[in-house]
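Below you'll find the structure, written out as structure tokens, and then a few comments.
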Amino acid sequence: MSGIKRIHDYFNTLHGRILLGGLAIHALLIPMLFVGVIYLVKGGFESTFVDRARADAQILATLIETTESTDVITNLYSEVMSSRRYVYLDLVTEEQNNSDNDFKEDAYFGQHDDDTYYVTVPLKWDLGNSENLVLRVGYDETPIKEKILYTKMLCFYLAGAYVILVFVASGLFTPLITRPMRELQLKSREIAAGNYDDHFDIKSSRIQEIVRLTNDFEKMRQELVRHNKELEYQSLHDALTKLPNRVLLQDRLHQAIFTAQRDDSQLALLMIDLDGFKTVNDTLGHHYGDMLLKQVATRIQGVLRKSDTIARFGGDEFCIILPTISNVRYATGIANKLTECLEQPFMFDNQPYNVGMSIGIAIYPKHGLDAPVLMRHADVAMYIAKHNNLDYTVYDPNQDKNSISRLSLMWDLRHAINNGELHLDYQPIMDLNSGEVKAAEALVRWNHPRRGLIMPGEFITLTEQANLIKPLTTWVLEAAARECSQWLKQGYDFSVAVNLSSRSLHDKQHPGRLMRIVEEHGLPPERLIIELTESAIISDPISAREILEGFHQVGVTLAIDDFGTGYSSLSALKKLPLQIIKIDKSFIMEMMANKDDLVIVRTTIDLAHNMGLKVVGEGVVNHEIWKELKLLNCDLAQGFHIGRPMSAPRLLHWIDNMDKREVI
Ligand code: C2E
Ligand code: MG
Ligand code: MG
């Protein structure tokens with residue numbers, strides 16, 4: 001089977017096709033030529049022979065007629081016969097001639113046996129009687145047949161030789177086409193494999209079509225090289241300033257560290273954040289912001305040597321590598337020069353704009369042995385410089401450990417979401433009367449690769465400061481909505497609660513985003529409870545109201561979290577479209593021991609009910625509190641007595657197996 005396939009494949013190659021075409025043409029041409037040549041040669045031989053025989057016979061007849069001497073005729077006869085062209089020479093009567101033959105073509109030509117033919121010529125002798133004599137010259141056709149056979153054989157051998165020649169020639173000449181084609185094919189494969197450095201140059205062929213094809217390929221290769229270089233450049237450079245980007249910076253930093261390690265030298269990494277850039281961007285617009293960044297980049301480049309690397313790190317952040325420095329003073333000297341280069345104000349619309357910079361410096365090997373550590377430490381130093389209004393600071397591990405650790409955590413936060421380091425735990429919220437789980441609160445956790453599990457209390461504020469709260473909230477909402485719609489599909493009947501940061505109350509796009517999320521996950525909107533802290537609402541009531549109205553339009557359930565800690569009265573929240581009040585755990589946990597707290601809890605529950613709100617008691621740590629809340633007519637309870645925050649699968653397992661009597 002594979003043999004047949006190989007033959008089939010061969011005839012689908014150029015070589016095979018040329019051979020097949022040649023074979024087809026010759027299969028037609030050679031027999032035609034063969035038959036044609038034989039036909040012509042045979043006809044030629046025969047007619048020549050017959051013509052000659054007729055001519056000879058005519059001459060003989062004329063001689064016989066004009067010669068009276070019998071001797072002459074006898075001599076003539078013996079001469080003719082000795083030439084061995086003729087078999088016999090007869091003088092017969094016409095009557096004899098007509099009866100004495102096997103076949104008669106006409107009055108002058110006939111056949112005696114297979115190979116003997118004759119030509120007749122009537123003699124014009126007057127013998128006095130009525131009998132007319134006829135001269136009959138018989139000749140043998142065998143020599144002609146032999147000649148024709150010989151010619152046939154010759155033609156056959158010639159045709160054979162021709163076919164062999166064609167095969168040999170096609171074997172020799174076809175590679176002249178197929179070899180360059182093969183070369184082109186191999187080079188194209190190399191290009192497909194990403195190796196475009198070699199020129200397309202098929203010197204072995206002068207065939208015009210192949211030369212043109214090669215030139216086209218070469219043009220295509222050059223275009224690819226150019227395009228790839230452009231792509232590579234784009235992937236490694238910032239489109240606005242044309243400076244190396246974060247990726248190229250990291251690569252250069254690795255290289256610089258490697259060189260410093262080998263040469264036992266030091267290098268400095270400078271992290272720069274512009275001060276005052278936001279003012280230009282916000283007041284004059286992005287166009288001027290972009291111009292400013294370009295001009296800053298040019299001024300910074302003016303301070304540096306060619307061997308230094310300056311990269312745009314994103315936004316208004318730049319990063320500089322100073323390879324092989326002699327000491328820290330060199331780096332601080334550069335930092336001073338950088339600060340000076342921005343002293344001259346930037347002019348936009350004839351207005352001067354002052355921009356400064358905060359620089360953080362980290363030195364290899366003193367402040368870190370690898371790129372990530374050096375970058376984090378330069379970043380920490382930069383935050384400290386900014387925080388303390390300094391032009392620059394050199395990283396100091398002895399500085400306030402706490403702030404450094406907070407700042408480095410802030411750095412790590414940037415990658416936590418994308419690296420999949422976050423997860424949600426869910427804490428059940430139970431109906432105080434029926435003991436049924438009515439909701440689960442989604443609480444975010446951060447599995448830090450080095451520090452381990454970090455609780456939200458440690459990083460939510462940092463997330464807000466680092467401007468990362470929006471992506472974090474979106475991630476939490478997506479994950480919680482996905483999970484809850486799964487629960488509903490599996491037959492569990494409870495809602496999911498998500499905490500929103502106070503910052504979300506300034507984001508006008510939030511309701512729209514929320515709508516998209518519930519729709520995308522097919523979650524009935526009322527199943528999503530949005531928890532907002534009381535303090536978030538009272539700090540900016542007007543915009544809070546607007547956003548809460550937006551949320552309400554989407555149809556989600558709204559809850560006030562940690563109620564009681566914001567010192568606001570419930571009536572202040574009256575105009576807001578709320579459905580749930582969550583009394584802060586500090587009151588609930590203390591209410592059995594502290595009468596004041598008990599009063600607050602009781603009045604809050606009563607007031608909330610009057611306003612048509614449901615009440616959740618948070619921090620139900622024991623059965624005593626549970627019972628008290630039930631007495632106070634509280635609707636729902638959340639706390640360690642019921643269940644701690646747990647992963648989604650564990651929550652379902654817990655619901656399936658819990659013994660309500662242990663709780664209620
Ligand atoms: P929260 O919204 O008031 O959540 C309840 C917190 O109280 C949770 O702490 C929970 O573990 C804890 N808790 C519940 N029952 C008890 C109890 O009986 N005893 C004690 N001692 N604690 C109890 P967690 O998970 O550390 O969350 C702290 C806060 O972080 C949350 O308070 C919430 O304000 C915030 N947070 C959590 N997840 C997110 C989130 O995804 N986004 C935002 N913006 N904030 C979040
Ligand atoms: Mg909450
Ligand atoms: Mg709370």
Side-chain angles (χ1 to χ4, degrees), residues 413 416-417 421-430 437 439-447 453-484 495-507 510 513-514 517 528-537 547 557-566 578 580-592 601 604 615-626 628-629 634 636-648 650-651 663:
L413 247 176
I417 299 178
E421 292 168 13
L422 299 182
H423 78 266
L424 292 180
D425 272 354
Y426 296 89
Q427 189 177 27
I429 299 172
M430 198 176 253
V437 174
E441 180 174 4
L443 297 158
V444 69
R445 272 92 181 90
W446 180 9
N447 292 310
L453 189 68
I454 305 180
M455 300 306 273
E458 279 182 74
F459 69 89
I460 290 291
T461 318
L462 275 182
T463 314
E464 286 170 345
Q465 285 168 0
N467 258 335
L468 291 167
I469 195 69
K470 195 163 124 184
L472 178 112
T473 309
T474 310
W475 182 86
V476 173
L477 278 167
E478 293 261 10
R482 192 183 317 119
E483 204 70 69
C484 187
S495 308
V496 73
V498 171
N499 294 283
L500 243 59
S501 144
S502 57
R503 295 266 178 123
S504 309
L505 289 181
H506 303 290
D507 183 356
H510 222 304
R513 208 175 304 132
L514 212 56
I517 290 171
L528 180 62
I529 304 167
I530 296 294
E531 294 190 6
L532 284 149
T533 58
E534 183 193 1
S535 47
I537 291 172
I547 304 272
T557 306
L558 293 174
I560 291 287
D561 202 359
D562 302 345
F563 185 79
T565 52
L578 302 169
I580 298 171
I581 290 284
K582 292 183 84 175
I583 304 176
D584 190 66
K585 56 179 173 288
S586 57
F587 300 98
I588 305 284
M589 283 157 85
E590 291 297 312
M591 73 178 187
M592 301 311 288
V601 172
T604 306
V615 183
V616 181
E618 277 187 331
V620 180
V621 280
N622 54 45
H623 194 230
E624 237 188 318
I625 298 177
W626 170 278
E628 187 61 34
L629 281 176
C634 188
L636 301 143
Q638 177 181 359
F640 293 174
H641 171 62
I642 302 150
R644 286 177 180 261
M646 52 193 125
S647 69
R650 278 198 55 195
L651 175 75
V663 182

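Remember, it's 1-based here, ligands and their atoms both numbered in the order they're listed.
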Taking only heavy atoms of Ser501, which atoms of ligand 1 are found under 4.0 Å from at least one of them?
44 (N)
Ligand 1 to Glu618, heavy atom cutoff 4.0 Å, flagged ligand atoms 3 (O)
Give a yes/no on ligand 1: does Glu441 have at least one heavy atom closer than 4.0 angstrom to it?
yes
I'd like to check Leu514 versus Ile530 (side-chain heavy atoms, cut-off strictly below 4.5 Å). Are they in contact?
yes
Considering only heavy atoms of Gly639, which atoms of ligand 1 have at least one such atom less than 4.0 Å away?
15 (N), 18 (O)
Under 4.0 Å, heavy atoms only, figure out whether ligand 1 is touched by the backbone of Gln427, its side chain, both or neither.
side chain
Could you tell me which atoms of ligand 1, counted from 1 in the order shown, lie closer than 4.0 angstrom to a heavy atom of Arg445?
25 (O)
Note the single closest protein heavy atom to atom 40 (C) of ligand 1, along with its residue, its atom name and the distance in Å.
Val444 CG1, 3.8 Å
Passes side chain to side chain contact (heavy atoms under 4.5 Å, CB included), Ile460 versus Val444? Steps please.
CA-CA 9 Å; Ile460 290 291; Val444 69; 4.1 Å; yes
When distances are taken from atom 12 (C) of ligand 1, the protein heavy atom at minimum range is Lys585 NZ, 4.0 Å
Do me a favour and list the nearest non-hydrogen protein atom to atom 18 (O) of ligand 1 with residue, atom name and distance?
Phe640 N, 2.8 Å
From the options Pro456, Ala442, Ala479, select the one whose nearest heavy atom is closest to atom 27 (O) of ligand 1.
Pro456
If you measure from CD on Glu478 to CG on Leu424, what distance do you get to the nearest 0.5 Å?
11.5 Å
Using a distance threshold of 4.0 Å (strictly less than), state whether atom 32 (O) of ligand 1 has a protein heavy-atom neighbour.
no
Under a 4.0 angstrom heavy-atom cut-off, which atoms of ligand 1 come close to Val621?
17 (C), 18 (O), 19 (N)
With side chains defined as the heavy atoms from C-beta onward, is the minimum distance between Thr473 and His510 less than 4.5 Å?
yes
Nearest 0.5 Å please: distance from the OH atom of Tyr426 over to the CG atom of Leu443.
9.5 Å
Provide the closest heavy-atom pair for Trp446 versus Glu421 in the form atom of the first, atom of the second, distance.
NE1-OE1, 3.0 Å
Write down the atom of Ile625, the atom of Met589, and the distance for their closest heavy-atom approach.
CD1-CA, 4.1 Å
Distance, nearest 0.5 Å, that separates CG of Leu500 from CD1 of Ile529:
13.0 Å
Within the 4.5 Å heavy-atom criterion, are Ile580 and Lys582 side-chain neighbours or not?
yes
Check whether any side-chain heavy atom of Glu531 lies under 4.5 Å from a side-chain heavy atom of Val616, and answer yes or no.
no
Where's the contact between His641 and ligand 1, heavy-atom distance under 4.0 Å: side chain, backbone, both or neither?
neither
In short, Lys470 meets Asp507 closest at the heavy-atom pair CD-OD2, 3.4 Å
Could you list which atoms of ligand 1 come closer than 4.0 Å to a heavy atom of Gly619?
17 (C), 18 (O)
One residue to check: Ile460. Relative to ligand 1, which of side chain, backbone, both or neither has a non-hydrogen atom less than 4.0 Å away?
side chain
Do Leu472 and Phe459 come within less than 4.5 Å of each other through their side chains, counting heavy atoms only?
yes
Among all protein heavy atoms in this structure, tell me which lies nearest to atom 11 (O) of ligand 1, with the distance rounded to 0.1 Å.
Pro645 CG, 3.5 Å
Tell me the closest heavy-atom pair linking Ser501 and Glu464, and the distance in Å.
OG-OE2, 2.6 Å
Report the residue from Ile588, Asp584, Ile583 that forms a side-chain contact (heavy atoms from CB on, under 4.5 Å) with Ser586.
Asp584
Do you know the tightest heavy-atom contact between Ile547 and Ser504?
CG2-O, 4.2 Å
A side-chain contact here means heavy atoms from C-beta on lying under 4.5 Å apart; do Met591 and Leu629 qualify?
yes
Nearest N/O/S atom of Glu441 with respect to the Mg ion (ligand 2), by atom name, please.
OE2
Shortest non-hydrogen contact between Gly643 and Pro428, atoms and distance
O-CD, 3.9 Å
What do we get for Asp562 next to ligand 1 when only non-hydrogen atoms under 4.0 Å count, side chain, backbone, both or neither?
side chain
For atom 46 (C) of ligand 1, grab the closest protein heavy atom and report residue, atom and distance to one decimal in Å.
Asn499 CB, 3.7 Å
Enumerated ligand 1 atoms positioned under 4.0 Å from heavy atoms of Glu531:
2 (O)
Within the 4.0 Å heavy-atom shell around Val476, which atoms of ligand 1 are there?
41 (O)
Under-2.8 Å protein N/O/S neighbours of the Mg ion (ligand 3), ordered by chain then residue number
Asp561 OD1, Asp562 OD1, Glu618 OE1, Glu618 OE2
Measure from atom 4 (O) of ligand 1 to every heavy atom in Asp561, Leu443, Thr533 and give the option owning the shortest one.
Leu443
